[in-house]
A.B. asks: 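Mind looking over this structure? Questions follow.
In this chain, residues are counted from 1 in sequence order. The model shown is predicted, which means the values in this text are computed figures rather than measured ones.
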Amino acid sequence: MTELQQEGVLSTLTPEQTDKLFHSPAMRRLFQKNASDEYALIWLLSKHMKDSGSEKIYLKDMVREMNLPLPKVTAIARSLQNKGLVTWTHDGNGEEGTYIMLTELAVSSVRTRRQALHSYHQRVVNAFGEERFLHLIGEIAQLEGILQQEAEKVGGDAP
């Protein structure tokens, strides 16, 4: 089976659609080995690396992204550093900014989890049926459009 065949219908979905369809507390518990704040920090670092191409993220940016106070983010980062999942350093003498980076161990862990999630998602689609799944995606898109239109009619911001 080719890689494209293995990807199947999931390759037609945006990351947001995949997240919306499959994200659940049960899935987080199934694939999460670290505490939730630690998992969130690793996930954000991984996403930042993918989106920006930069391997480092400044602590102040993590505080903003996680919407947590600096001492809490610092404690999470230290815990991850102690586990060998991040390195923590600074530019220059430290005045330019303190940042953290994922270690190869963390990157490998994220990659393994993503592959497991993709496999899970594809099995769900296969069990449901690809044709039915694509139809369902179309129906959801139509419903979202209607919700948007109706929200605009009542003058509220669309969800």
A.B. asks: Hey, what do you get for CG (Leu41) to CD1 (Ile57), rounding to the nearest 0.5 Å?
C.D. replies: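 Taking CG in Leu41 and CD1 in Ile57, the distance rounds to 8.0 Å.
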
A.B. asks: Identify the heavy atoms of Lys83 and Leu105 that sit nearest to each other, and give their distance.
C.D. replies: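 Heavy atoms only, the tightest pair is O-CD2, 4.1 Å.
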
A.B. asks: Taking atom CD of Glu55 as the centre, does the number of heavy atoms from other residues, nucleotides or ligands within less than 6.0 Å exceed 12?
C.D. replies: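 Open.
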
A.B. asks: Should Val107 and Leu80 be counted in the same cluster of Ile, Leu, Val, Met, Phe, Trp and Tyr side chains packed under 4.5 Å apart?
C.D. replies: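 Same hydrophobic cluster.
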
A.B. asks: Where the side chain of Ser79 meets the backbone of Ala75, is there a donor-acceptor pair that is under 3.5 Å apart?
C.D. replies: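 No; judged by distance alone, with no hydrogens or angles, the pair does not exist.
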
A.B. asks: Calculate, to the nearest 0.5 Å, the distance between atoms CG and CD belonging to Asn67 and Glu65 respectively.
C.D. replies: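 Result: 10.0 Å between the selected atoms.
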
A.B. asks: Roughly how far, to the nearest 0.5 Å, is CE of Met62 from OG1 of Thr74?
C.D. replies: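 Answer rounded to 0.5 Å: 11.0 Å.
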
A.B. asks: Ile42 versus Leu85: any side-chain heavy-atom pair under 4.5 Å?
C.D. replies: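 Sidechains of Leu85 and Ile42: in contact.
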
A.B. asks: Taking atom CD as the centre, does Glu139 end up with more than 12 heavy-atom neighbours from other residues, nucleotides or ligands that are less than 6.0 angstrom away?
C.D. replies: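 Yes - once you tally the heavy atoms of other residues, nucleotides and ligands closer than 6.0 Å, there are more than 12.
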
A.B. asks: Do Gln148 and Glu152 pair up side chain to side chain, a donor and an acceptor below 3.5 Å, judged on atom types alone?
C.D. replies: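 A donor-acceptor contact under 3.5 Å links the two side chains.
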
A.B. asks: Can you confirm whether Asp51 is buried at CG, in the sense that more than 12 heavy atoms of other residues, nucleotides or ligands lie under 6.0 Å from that atom?
C.D. replies: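 Counting other residues, nucleotides and ligands, CG of Asp51 exceeds 12 neighbours.
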
A.B. asks: Could you give the distance from OG1 (Thr89) to CD1 (Ile100), rounded to the nearest 0.5 Å?
C.D. replies: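 Reported to 0.5 Å precision, the distance equals 11.5 Å.
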
A.B. asks: Find the distance between OG (Ser108) and CG (Leu102) and round it off to the nearest 0.5 Å.
C.D. replies: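 Result: 11.5 Å between the selected atoms.
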
A.B. asks: Classify the side-chain pair Arg123/Ser119 by whether it contains a donor and acceptor separated by less than 3.5 Å.
C.D. replies: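 Yes - a donor-acceptor pair under 3.5 Å links their side chains.
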
A.B. asks: Within a strict 4.5 Å, meaning less than it, do heavy atoms of the Ile140 and Glu144 side chains meet?
C.D. replies: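 Yes, their side chains come closer than 4.5 Å.
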
A.B. asks: Which value, rounded to the nearest 0.5 Å, describes the distance between Gln81 atom CD and Thr103 atom OG1?
C.D. replies: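 Gln81 CD to Thr103 OG1: 10.5 Å, rounded to 0.5 Å.
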
A.B. asks: Side-chain contact test, heavy atoms from C-beta onward, threshold under 4.5 Å: evaluate it for Leu59 versus Trp88 and give yes or no.
C.D. replies: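 Yes - at least one pair of side-chain heavy atoms lies under 4.5 Å apart.
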
A.B. asks: Do Met66 and Ile76 come close enough that some side-chain heavy atom pair is under 4.5 Å?
C.D. replies: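 Counting from C-beta outward, Met66 and Ile76 do come under 4.5 Å.
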
A.B. asks: When you look at Val125 and Gln122, which way does the side-chain contact (heavy atoms from CB on, under 4.5 Å) test go after all the steps?
C.D. replies: CA-CA 5 Å; Val125 169; Gln122 190 60 54; 4.1 Å; yes

A.B. asks: If you define the side chain from C-beta out and look only at heavy atoms, does anything of Leu134 sit under 4.5 Å from Glu131?
C.D. replies: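 Not touching, per the 4.5 Å side-chain cut-off.
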
